[in-house]
Amino acid sequence: MFTSPICGIKTEHAGDYTFKKPSGTSYWLLMRFYTPFYYEANGERFEGKAGELLLNPPDTPLVHGSLDGNGFCNDWIYIGGDGLPELISELGIPTDRAFCITETLPLEKILGEIYAEMKSCAAGYTHKISAHIASLLVDIGRACKSDGLQSGTKITPYARSISSVHTALAENCGYHWTLTEMSELSGYSVSRFCSLYKAKYGITPIEHLISSRISKAKQLLRLRRHNVTEVSELCGFSSLHYFSMTFKKHTGLSPSEYMDSHAKKEVL
């Protein structure tokens, strides 16, 4: 049977409030945030976005607080009981890293029902609480699997957000991106975004953007439907000189030489 000693719904915290859960506690802590937040788990500090969930195991220290100093708001519940670790593992729910699921779950409603049972202490209330907790965890686990999240995968907590930016850069490489725009798309600060991007892909977002532009330029030059100046503009380069210099650095040929070499291959 699963139990809960306490829970909270849309609990608001001041900007200077820091939650600290020490080691040695016997309950799991499940939270859903309505505002951006930061948290520290396993010796690392991370940033979380509004809408993300966080499941913290027993005996694992956790610190979290306001990301922007304006406070934070979340739903939360402590849960315990025999068989809980096995169920969470079976469902594949990520632990100690923030995650987002696309399916909208009635977490606030379920917590309200649990809270009402706690206050009423009506006949069989402990069984009702256990059933609510089990249903909630199963729904979260199914949503995680539907979204491709796995508890044991070795990815950063924000891989999905970083991946979306990675795709946007490749598909829209002709746009004049700034780091500020990239970071805003990911939902994180510029420094945090760049750090997470480099950790995931091994290159900086600017390096990936340039690589995508060069790949597109090579395709356009091979088609020979545009002159070099037009290719430079279509691929988002700020000047023809910068395009020529960057292209030669990556291919060993100038854009004109690359176009001519492919024209000769077609003739042969």
Side-chain angles (χ1 to χ4, degrees), residues 36 44-49 51-52 94 97-102 144-150 152-268:
E44 295 186 75
R45 179 184 169 109
F46 302 101
E47 295 176 4
K49 297 189 299 183
E52 289 188 323
R97 66 177 179 90
F99 62 95
C100 183
I101 51 180
T102 56
C144 286
K145 289 183 179 180
S146 175
D147 288 346
L149 296 176
Q150 297 295 327
T153 52
K154 296 181 179 180
I155 59 175
T156 67
Y158 316 106
R160 295 179 68 213
S161 297
I162 300 303
S163 296
S164 66
V165 179
H166 185 267
T167 301
L169 294 180
E171 294 180 348
N172 303 278
C173 61
Y175 178 74
H176 294 278
W177 291 93
T178 65
L179 277 175
T180 298
E181 289 173 321
M182 296 179 198
S183 63
E184 287 177 349
L185 183 60
S186 73
Y188 305 106
S189 67
V190 171
S191 59
R192 185 61 177 160
F193 163 69
C194 291
S195 175
L196 292 170
Y197 199 100
K198 182 69 178 289
K200 180 170 177 61
Y201 294 107
I203 58 174
T204 68
I206 295 299
E207 288 171 340
H208 174 237
L209 178 60
I210 292 174
S211 176
S212 297
R213 286 174 172 172
I214 294 298
S215 295
K216 181 177 180 179
K218 290 164 69 175
Q219 293 174 356
L220 293 174
L221 290 170
R222 287 196 298 267
L223 290 173
R224 289 180 291 145
R225 296 174 182 172
H226 303 278
N227 61 39
V228 173
T229 300
E230 291 171 337
V231 171
S232 173
E233 293 173 351
L234 288 170
C235 293
F237 288 94
S238 57
S239 70
L240 180 59
H241 173 72
Y242 178 60
F243 169 54
S244 299
M245 180 182 65
T246 305
F247 191 90
K248 188 166 186 176
K249 179 180 178 181
H250 281 75
T251 66
L253 298 172
S254 69
S256 297
E257 291 171 339
Y258 184 87
M259 182 184 289
D260 291 341
S261 68
H262 281 272
K264 291 176 181 178
K265 289 179 181 179
E266 290 183 8
V267 171
L268 295 175

How far does NZ of Lys216 sit from CG of Leu221, to the nearest 0.5 angstrom?
12.0 Å
Parallel, tilted or perpendicular: which fits the ring planes of Tyr258 and Phe247, with parallel below 30° and perpendicular above 60°?
perpendicular
From His166 NE2 over to Ser212 OG, what is the distance, rounded to the nearest 0.5 angstrom?
6.5 Å
Can you check whether Thr180's main-chain N or O pairs, donor with acceptor, with Ser183's side chain at less than 3.5 Å?
yes
Side chains of Pro255 and Val231: closer than 4.5 Å at any heavy-atom pair?
no
Flag, side chain of Ser211 to backbone of Glu207, donor-acceptor distance under 3.5 Å
no
Are any non-hydrogen side-chain atoms of Phe237 and Arg213 less than 4.5 angstrom apart?
yes
Main-chain N/O of Leu240 paired to Ser244 side chain as donor or acceptor, under 3.5 Å:
yes
Show the nearest heavy-atom pair for residues Pro94 and Phe99, with the distance to one decimal.
O-CE2, 3.7 Å
Should Phe193 and Ile162 be marked as a side chain to side chain contact (heavy atoms under 4.5 Å, CB included) after you check the CA-CA gap, both sets of side-chain angles, and the distance that decides it?
CA-CA 8 Å; Phe193 163 69; Ile162 300 303; 3.8 Å; yes
Do side-chain atoms of Trp177 reach the backbone of Gly236 as a donor and acceptor pair under 3.5 angstrom?
no
Atom of Phe243, atom of Ala217 and distance for their closest heavy-atom approach
CE1-CB, 3.7 Å
Heavy-atom side-chain proximity of Ser261 to Leu253 below 4.5 angstrom:
yes
Straight-line distance of Leu209 CG to Cys235 SG, nearest 0.5 Å
10.5 Å
Got a donor-acceptor contact below 3.5 angstrom from the Glu230 side chain to the Asn227 backbone?
yes
Which heavy-atom pair separates Arg45 from Arg192 by the least distance, and what is that distance?
O-NH2, 3.4 Å
Quick one: do Ile206 and Met182 satisfy side chain to side chain contact (heavy atoms under 4.5 Å, CB included)? Show the steps, please.
CA-CA 10 Å; Ile206 295 299; Met182 296 179 198; 3.8 Å; yes
